[in-house]
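Just so we're on the same page: letters track the sequence lines, and every chain starts at 1.
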Amino acid sequence: MSNVILVWSVSIAQLMLVLAMACHAWRLLRGPRAQDRVLCLDAMYVAAMLLVLTVGIRTGSTLYFEAALVIALLGFVSTVALAKFLMRGEVIE
Amino acid sequence: MTPAEALPGWAALLVAFCVLCGASLTLAGAVGVVRFRSFFERIHAPTLATSFGAAGILLGSMIFFSVLQSRPVLHEVLIFVFVTVTTPVTLMLLARAALFRNRAEGNPGVPSRADMLSSAQGSLGGERR
Amino acid sequence: MSRVLPYPLLTASLLLMWLLLNGFSPGHVVLGLAVAVFASRVMVALHPGKPRLRRWQLIPRLFLLVVADVVKSNVAVTSIILQGKRRQWTAGFVAIPLKLRDEIGLAVLACIITSTPGTAWIDYDQASGVLLIHVLDLADEEEWRELIRTRYEALLREIFE
């Protein structure tokens with residue numbers, strides 16, 4: 001019984017997260033400005049991290065936790081670099 | 001199919017509730033990103049995902065692994081702390097970049113530095129009596 | 001004490017992070033302690049300003065206040081998004097003169113304002129101490145000024161200044 005509850009709820013959650021990423025991707029393609037695209041990239045990283053965590057709950061393996069941590073780190077660093085680029089036109093001053 | 005067979009019913013319900021709450025808040029934030037009309041409105045939408053969206057899913061994952069391995073598994077707290085600390089940094093940098101770009105192009109709709117100072121001065125003057 | 005452990009709080013949180021990542025065992029406590037002490041001594045080379053906490057007893061109160069506000073504004077922003085075109089809202093900028101000058105206090109205020117859905121930190125002018133925030137559902141500018149000043153700034157000034 002608990003298995004059924006868990007599989008269904010995690011599947012629905014994964015569907016919602018994929019839909020959320022689709023929304024972000026739509027805005028990423030639509031723009032209109034560069035800052036909108038960078039904002040969506042950042043939000044997409046967060047959604048992808050949460051999706052990896054739900055995969056971890058589904059398979060019962062803690063390995064996915066590390067993958068999620070790495071995605072979060074990469075998302076932060078890349079968004080900061082892109083924001084810096086938008087502000088100055090160069091990443092390293 | 002999954003090792004979740006060993007999970008008691010109450011834990012499964014709790015995990016399901018947390019995960020669904022987190023996922024729906026994230027989806028609400030994403031809908032906001034699509035729906036809002038300007039960049040400065042859109043900047044409010046991802047914070048839904050990074051505050052309670054992430055908290056819900058991480059809490060669900062924490063409960064799941066703690067009950068499954070019958071010992072406290074707390075390393076999800078690290079991701080939560082990391083996300084709450086880094087989101088303001090990225091959003092502030094993006095907001096400043098957007099403000100800088102809009103001001104440099106002379107777009108209407110963003111207050112210039114002089115506007116900002118004078119409007120704050122007005123409220124200060126009122127306070128000073 | 002200050003020669004061996006220049007930043008005790010940093011060392012403790014690094015050790016805690018190591019244990020959370022690797023699991024608790026005596027071997028990892030020793031290894032984590034070694035890494036944490038080494039890393040916090042490296043920090044000395046960066047010369048970060050030492051935070052002065054004047055009244056740290058107020059921190060739990062600030063934390064609860066922030067959690068309550070984040071819950072409230074999560075609900076408010078979600079309802080704005082889901083109601084869509086049926087509900088009109090006006091977003092706008094608010095300029096707020098701040099008396100808070102402590103750098104760490106300002107950083108904490110920035111984190112609070114930005115991580116609360118519905119408000120975002122946009123710009124801060126260091127010379128005049130004027131802060132510019134963007135508010136999603138802006139009904140009354142003066143109300144927001146009062147809110148930031150009385151709710152957060154007063155408490156942060158008590159803690160840090």
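Residue with the most contacts toward chain B among A/His24, A/Arg27, A/Gln14, A/Met16: A/Arg27 (heavy-atom pairs, distance under 4.5 Å). Counting heavy-atom pairs closer than 4.5 Å to chain B, the top residue among A/Asp36, A/Val46, A/Thr54 is A/Asp36. With chain A as partner, the option from B/Phe17, B/Trp10, B/Phe39 having the largest number of non-hydrogen pairs under 4.5 angstrom is B/Phe39.
Only the side chain of B/Val83 has a heavy atom closer than 4.5 Å to any heavy atom of chain A. In this structure, chain B has no heavy atom under 4.5 Å from any part of A/Leu51. Proximity to chain A is limited to the side chain of B/Leu91, based on heavy atoms less than 4.5 angstrom apart. Contacts between A/Met21 and chain B at a heavy-atom distance below 4.5 Å are absent for every atom of the residue. Only the backbone of B/Phe36 comes within less than 4.5 Å of a heavy atom in chain A; its side chain stays farther off. Heavy atoms closer than 4.5 Å to chain B are found nowhere in A/Ala22, neither backbone nor side chain.
In plain terms, the two heavy atoms of A/Val52 and A/Ala68 that are nearest each other are CG1-N, 4.1 Å. B/Leu93 and A/Ala83 make their closest contact through CB-CB, 3.8 Å (heavy atoms, listed as atom of the first residue, atom of the second, distance). Taking both residues in full, the closest heavy atoms of A/Gly75 and A/Asp42 are given as O-OD1, 4.2 Å, listed atom of the first, atom of the second, then distance. Taking both residues in full, the closest heavy atoms of B/Ala12 and A/Ile5 are given as O-CG2, 4.1 Å, listed atom of the first, atom of the second, then distance.
For the pair B/Arg42 (side chain) and B/Arg37 (backbone), a donor-acceptor distance under 3.5 Å is present.
At least one side-chain heavy atom of B/Asn102 sits less than 4.5 Å from a side-chain heavy atom of A/Gln35.
The aromatic rings of A/Phe76 and B/Phe82 lie perpendicular to each other, with more than 60° between the two planes, well past the 30° mark.
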